[in-house]
Amino acid sequence: QVQLVESGGGLVQAGGSLRLSCAASERTFRTYAMGWFRQAPGKEREFVARISWIAHTTYYAATVKGRFTISRDNAKNLVYLQMNSLKPEDTAVYYCAAGPYSSNYQEYTYWGQGTQVTVSS
């Protein structure tokens with residue numbers, strides 16, 4: 001059974017930091033690339049960051065590059081999203097996903113339930 005579970009969301013003031021975690025099954029974690037996406041009310045799902053499973057190659061959306069860092073811990077089957085210098089426009093539900101190495105959410109196979117991140121001004 002494929003299972004992705006996000007945690008770490010919450011309320012933070014602008015300029016603050018949060019770290020999101022995504023727990024995956026070993027099979028899922030070691031088979032697919034992992035990505036983070038977000039969706040704000042009334043908006044389409046937006047790519048945030050991705051990381052490959054072999055080389056840990058990373059790629060970021062321009063809106064978060066330099067502020068967010070994606071990483072994965074193979075021993076613990078966890079993927080993280082460290083979010084620094086948060087802005088109100090970062091407010092969204094953040095989703096962890098597993099699938100081919102891609103920035104296109106439609107190409108991802110498995111999704112977590114999402115965790116809310118709210119950044120106040």
Side-chain angles (χ1 to χ4, degrees):
Q1 191 77 260
V2 175
Q3 183 176 350
L4 299 175
V5 181
E6 303 99 333
S7 62
L11 175 65
V12 65
Q13 290 185 323
S17 299
L18 286 172
R19 189 182 73 164
L20 307 183
S21 299
C22 175
S25 69
E26 181 176 347
R27 182 176 182 179
T28 299
F29 191 83
R30 297 185 183 278
T31 301
Y32 299 101
M34 303 294 294
W36 286 97
F37 296 80
R38 66 188 183 186
Q39 189 164 18
K43 304 293 184 180
E44 293 185 345
R45 207 174 334 177
E46 177 188 18
F47 168 76
V48 176
R50 67 175 190 252
I51 184 167
S52 67
W53 83 275
I54 297 177
H56 290 192
T57 302
T58 59
Y59 186 77
Y60 299 91
T63 51
V64 306
K65 192 173 184 178
R67 299 188 296 120
F68 292 9
T69 302
I70 187 172
S71 61
R72 62 192 298 164
D73 186 332
N74 290 354
K76 297 180 179 180
N77 300 329
L78 293 172
V79 61
Y80 304 100
L81 185 68
Q82 178 66 46
M83 305 185 294
N84 298 326
S85 301
L86 283 162
K87 305 174 181 179
E89 51 263 44
D90 295 319
T91 296
V93 177
Y94 283 71
Y95 297 93
C96 177
Y101 189 66
S102 174
S103 298
N104 185 355
Y105 74 90
Q106 295 180 325
E107 297 183 8
Y108 281 74
T109 306
Y110 305 107
W111 294 86
Q113 82 287 352
T115 185
Q116 177 70 47
V117 172
T118 303
V119 184
S120 64
S121 59

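Residue indices begin at 1 and follow the sequence shown. Everything numeric in this text was worked out from a predicted model, so none of it was measured.
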For this session: List the atom of Val79, the atom of Met34, and the distance in Å for their closest heavy-atom pair.
Result: CG1-CE, 3.9 Å
For this session: Decide yes or no for Thr91 and Gln116: does some side-chain heavy atom of the first lie under 4.5 Å from some side-chain heavy atom of the second?
Result: yes
Seminar exercise, completed: All heavy atoms of Ser102 vs all of Phe47, minimum pair found to be O-CE1, 4.3 Å
Exercise. Is there a path of hydrophobic side-chain contacts, each under 4.5 Å between heavy atoms of I, L, V, M, F, W or Y residues, that connects Ile70 with Phe68?
Worked result: yes
Problem set entry | Cluster link Val48 to Val117, ILVMFWY, side chain under 4.5 Å | yes
Problem set entry | Where Thr109 and Tyr32 come nearest, the two heavy atoms and their spacing | OG1-CE2, 4.3 Å
For this session: State whether the side chain of Thr57 and the backbone N or O of Ser52 hold a donor-acceptor pair below 3.5 Å, judged by distance alone.
Result: no
Exercise. Do Val64 and Met83 come within less than 4.5 Å of each other through their side chains, counting heavy atoms only?
Worked result: no
Problem set entry | Joint hydrophobic cluster, Val12 plus Leu81, side-chain heavy atoms closer than 4.5 Å | yes
Problem set entry | Contact check, side chains of Tyr60 and Ile51, non-hydrogen atoms, under 4.5 Å | no
Exercise. Would Glu6 and Trp36 count as a side-chain contact (heavy atoms from CB on, under 4.5 Å) if you check the C-alpha gap in whole Å, the side-chain angles of each, and the deciding distance to 0.1 Å?
Worked result: CA-CA 10 Å; Glu6 303 99 333; Trp36 286 97; 3.9 Å; yes
For this session: Begin from the C-alpha positions of Cys96 and Trp111 and carry the test side-chain contact (heavy atoms from CB on, under 4.5 Å) through to its verdict.
Result: CA-CA 6 Å; Cys96 177; Trp111 294 86; over 6 Å; no
Exercise. What pairs of residues pass the salt bridge (Lys or Arg N to Asp or Glu O under 4.0 Å) test when at least one of them lies in residues 45-56, not counting sequence neighbours?
Worked result: Arg38-Glu46
Exercise. What orientation do Phe37 and Tyr108 show, parallel under 30°, tilted 30 to 60°, or perpendicular over 60°?
Worked result: perpendicular
For this session: Answer yes or no: are there more than 12 heavy-atom neighbours, outside Tyr101 itself, under 6.0 Å from its atom OH?
Result: yes
Let me check something: any side-chain donor-acceptor pairs from residues 14-23 under 3.5 Å, sequence neighbours excluded? List them with distances.
{"residue": "Ser17", "atom": "OG", "partner": "Asn84", "partner atom": "OD1", "Å": "2.9"}

Exercise. What's the shortest heavy-atom distance between Pro88 and Ser121, and which atoms?
Worked result: CG-CB, 3.9 Å
For this session: Give every residue pair that meets the salt bridge (Lys or Arg N to Asp or Glu O under 4.0 Å) criterion with at least one member in residues 63-87, sequence neighbours excluded.
Result: Arg67-Asp90
